[in-house]
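Step one of this worksheet: look at the structure below.
All residue numbers refer to positions in the sequence shown, counting from 1.
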Amino acid sequence: MKPVSCKLYSESVDFGRALGLAYEALVNTPHEFDSIAAWTKLSERVSQGVYMGDGLLLPHTRVPGLSAPLMAFVVAPEGFSGVTIPGRETAQFMCLLLSPAESATVHTQAIAEMARLILDKEWKAKALACRDDAEIAALF
């Protein structure tokens, strides 16, 4: 799955700020959905915890009427601040995923694909070495 938005932060970035800007990028696509309802559901999901391990934050929700999954991918080599992470790990990646509510399979497949990438140490090293947004997008 190719993200509709990729962003690199060269310094540590506040999770809430990065999440809001990534969400705004998804809202500004041609895909129509109820952005207020989706943000409410996403906020509920975030409050439950979104750290998946291996440096990945995965805020996600299913959205009624969405025609296809939408993903924004963010890399912050210095890490995200303002988010609780268990242990001493540092979150350096965020994948914001909105999936059609009508297809649990599509949602699960998108999450599995992201997990596969994050577990690939070579891919992660390439992502952390990127110098700009375009280089991150090219990884997909």
Hey, is the main chain of Leu119 close enough, under 3.5 Å, to the side chain of Asp54 for a donor-acceptor pair?
-> no
What are the two closest heavy atoms between Asp14 and Ser81, and how far apart are they?
-> CA-OG, 3.4 Å
Closest non-hydrogen atoms of Pro59 and Leu19, given as atom of the first, atom of the second and distance, are CG-CD1, 3.8 Å
Under the 3.5 angstrom rule, does the side chain of Glu24 hit a backbone N or O of Gly20 as a donor-acceptor pair?
-> no
Under 3.5 Å: donor-acceptor pair, side chain of Tyr23, backbone of Ser35 = yes
Would you name the heavy atoms of Pro100 and Arg62 that are closest together and state the gap between them?
-> O-NE, 3.9 Å
Short question: side chain of Ser99, backbone of Val106 - any donor-acceptor pair under 3.5 Å?
-> no
Any chain of hydrophobic side-chain contacts (each under 4.5 Å) joining Val4 to Phe140?
-> no
Main-chain N/O of Gly65 paired to Glu102 side chain as donor or acceptor, under 3.5 Å | yes
Spacing of Asp34 atom CG and Lys41 atom NZ [to the nearest 0.5 Å] = 10.5 Å
If you measure from CG on Asn28 to CG on Leu26, what distance do you get to the nearest 0.5 Å?
-> 9.0 Å
May I ask you to decide if the ring planes of Trp123 and Phe93 are parallel, tilted or perpendicular, using 30° and 60° as cut-offs?
-> tilted
So CZ of Arg131 and CD1 of Ile136: to nearest 0.5 Å the spacing works out to 11.5 Å
About how many Å separate NE2 of His107 and CG of Leu98, when rounded to the nearest 0.5 Å?
-> 9.5 Å
Mark yes or no for whether Gln92, through its side chain, and Ala76, through its backbone, hold a donor-acceptor pair below 3.5 Å.
-> no
Non-hydrogen side-chain atoms of Leu70 and Pro3 separated by less than 4.5 Å | no
Taking the side chain as every heavy atom from C-beta outward, state whether Val13 and Phe80 have any pair of such atoms under 4.5 Å apart.
-> yes
Test item: Lys2 side-chain N/O and Met71 main-chain N/O as donor-acceptor pair under 3.5 Å = no
hydrophobic_cluster_shared for Leu96 and Met52, side chain cutoff 4.5 Å = no
Near-ring test Trp39/Phe33, centroid separation under 6.0 angstrom = no
Using atom types as modelled and distance alone, determine if a side-chain donor or acceptor of His60 lies under 3.5 Å from a backbone N or O of Leu58.
-> yes
Distance-minimising heavy-atom pair for Ala38 and Thr61 = O-CG2, 4.1 Å
Same apolar cluster (I L V M F W Y, side chains within < 4.5 Å links), Ile85/Val75 = no
Under the side-chain hydrogen bond (donor to acceptor under 3.5 Å, both in side chains) rule, what do Tyr51 and Glu89 come out as? Steps first, then yes or no, please.
-> CA-CA 10 Å; Tyr51 188 65; Glu89 293 186 59; 2.5 Å; yes
Measure the CG-NZ distance between Leu117 and Lys126 for me, rounded to the nearest 0.5 Å.
-> 11.0 Å
Report whether Val50 and Met94 are members of the same hydrophobic cluster (ILVMFWY, side-chain heavy atoms less than 4.5 Å apart, transitive linking).
-> yes
Looking only at heavy atoms, what is the nearest atom pair of Ile111 and Leu97, with distance?
-> CG1-CD2, 3.7 Å
Does the side chain of Phe15 come within less than 4.5 Å of Arg17's, by heavy atoms?
-> no
Which atom names give the shortest non-hydrogen contact between Phe73 and Met114, and what distance separates them?
-> CE1-SD, 3.7 Å
